[in-house]
Amino acid sequence: MEVFIAQLLNGLSLGSMYVLLVLGFNLMLLVAKIIQFAYPHLVVLSMYVCWGMLKYTSNVFLVILASIGSCIAINIATEPIFRLLAKRHGLDINVSFVVSMSMTLVITDIMSHLLNYGFPIAFPSKWIGKSVIGFGLITFSSGQAYALFGGIAAVLAFFYLLYRTRQGRVLRAISENSLLSSIIGIPTIKTRVISYAIAGLLGGLTAIMLSKMLGSASPALGDFVGMKIIATSIVAGLGNLKGGLVCGLLLGITESMAIGYLPGSWSNAISFMMMLIVMLIKPEGLFGIKA
Amino acid sequence: MLRVEDIFVSYGPIKALENININVNAGETVALIGANGAGKTTLLKAIMGIQKVSAGKIIFLGEEITNVGTDKIANRGLGLIPEGHLVFSTMTVLENLQLGSYNNPNCFNDNLESVFESFPILHKRINQIAGTLSGGEQQMLSIARSLMAKPKLIIVDEPSLGLAPKVIGEIFNILRGLNKKGYTILLAEQKAKKALEFVDRAYVMEIGKIVLHGPAQELISNPKVHNAYLGSKI
Ligand SMILES: Nc1ncnc2c1ncn2[C@@H]1O[C@H](COP(=O)(O)OP(=O)(O)OP(=O)(O)O)[C@@H](O)[C@H]1O
Ligand SMILES: [Mg+2]
């Protein structure tokens, strides 16, 4: 029972990280009509920023500000690229997919050539914190507690923004019908940029929490997380935010349970098998496509 | 108020509008009539900055708005009610109206009150998801949403499309009421008889050109218009 509870907590904290990334990914898909495959890579890049900042300062506030700020800034910096493409190709999701794929290669290259000589980075133990509860081999660390509570708070704030505020209404309007939105006077480009900023904010928060939770990062982490984020989004139904919420949590829990109860590290294989089965049964995703 | 001067629009190699001149004065109701594919919607899109104009000028309230962004044109006081009663179908009636007042959220409550006065049915359905409204109700919501921005000129594209005759009558009554309240209206409509009964003046379009224009009464009695657009229904 202790193992179950500990793994459930682990799963929820890991899952809430997936949820944040799936939400940011889907927000850009819905509002800006792009597949930003490089989004998780940008998040890993902000983990590097966080790591780099920790070397120079012990001011936690500054570290957090720099990590989140860099994620927002770099994410917004990609917007003109996608806008230029949209000008030439129309809002073609496939084109954005190809281009963001090449962005992942560039970002991964930067991390593996220029940062820490390509070696994985490890966050200082002061940053990660002590374990809160431990049951033999299974522990729940303070990093995971940050991820769990921070993740829940960020997800709630995101849904509040989207469904209870004027800005959220405008984002939903553009996502449903951007031409009609501009006809009623909503500036579409500005609103798209805002969606990049919000996704960047979610990504930056995730980077902070991931650094505390995982304690390390490597150039390959972006590809690894990216695969899961896009697969989860498709399994949930592209553009389906509530579906992304459920499936992100499910993925985290499945992986944790597999780690807790199965020998060896089969957690990835198991989650991808489950996704395969879902796609065979429900090609439009568990909750339906909304993009 | 609105002046369109010698504009040309093409879809790739296809010329959709040639040498179009129209003007709308404050307080007037003006119609564009013409068969399917005459170019009415294209002209309205060009005015709203949705379709690129290749030559000519569009002037609204003394300022040129040719090829200016659609949102900017809307914010200058042009309220387009597009073809096919378009609403934000996943959102509630209230949310649609809130979006309509994007640019003057401060007058939201006053505007909402006056809109509900003209459309009591929307008041009753305030929390209903717009996509589940009937076609007529969606058309009313579409009009109401544009009124929330207090536009200086209302442009209505084919408000009768897909609606039952009784509902069409209601919609035209609403438009008439709006004109009495001081709104200037430019209407594109295939149903020439309905349109000519409603407006002060009209332009007749045929394959991308304006072939006739004049006061509605004159056009109704013009034999050419009569044969081509009013048919045996009179
Ligand atoms: N996006 C487009 N690409 C190419 N041709 C178009 C496009 N939109 C409209 N057209 C063409 O332009 C012409 C004018 O179309 P438009 O929609 O303006 O007509 P309309 O007068 O509004 O007709 P209706 O009464 O059926 O709404 C038509 O021949 C149409 O096929
Ligand atoms: Mg039309």
Side-chain angles (χ1 to χ4, degrees), chain A residues 26-27 29-33 79-80 83-84 86-91 159-195 236-245 284 287-291, chain B residues 41 44-45 47-52 68-106 108 111 129-131 138 141-152 154-157:
Chain A
N26 274 314
L27 183 69
L29 174 60
L30 288 168
V31 178
K33 303 283 182 274
E79 192 272 343
R83 196 195 313 170
L84 210 69
K87 246 191 190 155
R88 293 201 50 81
H89 297 273
L91 284 172
F159 278 101
Y160 181 86
L161 169 81
L162 208 57
Y163 289 95
R164 289 282 178 276
T165 67
R166 184 173 120 91
Q167 186 60 58
R169 205 157 47 229
V170 168
L171 287 164
R172 282 185 291 137
I174 296 222
S175 114
E176 181 177 326
N177 190 333
S178 88
L179 179 58
L180 184 56
S181 300
S182 60
I183 285 172
I184 64 175
I186 296 172
T188 44
I189 293 177
K190 185 182 140 201
T191 309
R192 293 212 165 102
V193 173
I194 289 174
S195 79
L238 276 176
N240 194 319
L241 298 173
K242 284 159 196 158
L245 174 65
E284 74 285 3
F287 296 85
I289 293 172
K290 289 248 174 96
Chain B
T41 300
L44 300 188
K45 282 185 175 169
I47 294 171
M48 276 311 281
I50 300 168
Q51 189 59 52
K52 196 173 171 295
V68 169
T70 303
D71 54 315
K72 295 204 182 78
I73 293 177
N75 294 334
R76 290 194 189 180
L78 267 177
L80 172 66
I81 298 158
E83 218 169 8
H85 42 78
L86 286 181
V87 294
F88 293 101
S89 61
T90 59
M91 299 193 213
T92 65
V93 169
L94 180 64
E95 285 179 314
N96 270 272
L97 296 175
Q98 285 168 329
L99 283 167
S101 72
Y102 178 79
N103 276 303
N104 51 351
N106 297 334
F108 177 73
N111 287 356
I129 299 294
Q138 288 186 14
L141 177 56
S142 182
I143 297 172
R145 185 190 55 217
S146 111
L147 293 179
M148 292 299 292
K150 285 255 179 258
K152 299 189 176 90
I154 302 177
I155 301 181
V156 205
D157 195 359

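So that the names make sense, note that chain A is the first sequence line, chain B the second, and so on, each numbered from 1.
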Problem set entry | Partner set under salt bridge (Lys or Arg N to Asp or Glu O under 4.0 Å) for B:E83, not counting sequence neighbours | none

For this session: Could you list the residues that satisfy salt bridge (Lys or Arg N to Asp or Glu O under 4.0 Å) with A:R172, not counting sequence neighbours?
Result: B:E95

Seminar exercise, completed: Cut-off 4.5 Å, heavy atoms of chain B, and the answer for A:I189 is neither

Exercise. About how many Å separate CG of A:L179 and CD1 of B:I50, when rounded to the nearest 0.5 Å?
Worked result: 5.0 Å

For this session: Check whether NZ of the Lys or CZ of the Arg A:R169 lies under 6.0 Å from the centre of the six-membered ring of B:Y102 and within 45 degrees of that ring's axis.
Result: no

Problem set entry | Which atom of A:R166 lies closest to which atom of B:S101, heavy atoms considered | NH1-O, 4.5 Å

Seminar exercise, completed: Residue pairs meeting salt bridge (charged side-chain N to carboxylate O under 4.0 Å, His left out), one or both in residues 179-192 of chain A, sequence neighbours left out, come to none

For this session: Output the residues of residues 68-75 of chain B for which the shortest heavy-atom distance to chain A is under 4.5 Å, in residue-number order; output 'none' if no such residue exists.
Result: B:T70, B:D71, B:A74, B:N75

Exercise. Quick one: what part of B:R76 sits under 4.5 Å from any heavy atom of chain A, side chain, backbone, both or neither?
Worked result: neither

For this session: Measure B:P105 against the heavy atoms of chain A and call it side chain, backbone, both or neither at under 4.5 Å.
Result: side chain

For this session: Give a yes or no on this: more than 12 heavy atoms of other residues, nucleotides or ligands lie within 6.0 Å of atom OH of A:Y160.
Result: no

Problem set entry | Options B:S89, B:S146, B:G49, ranked by heavy-atom pairs under 4.5 Å with chain A, top entry | B:S89

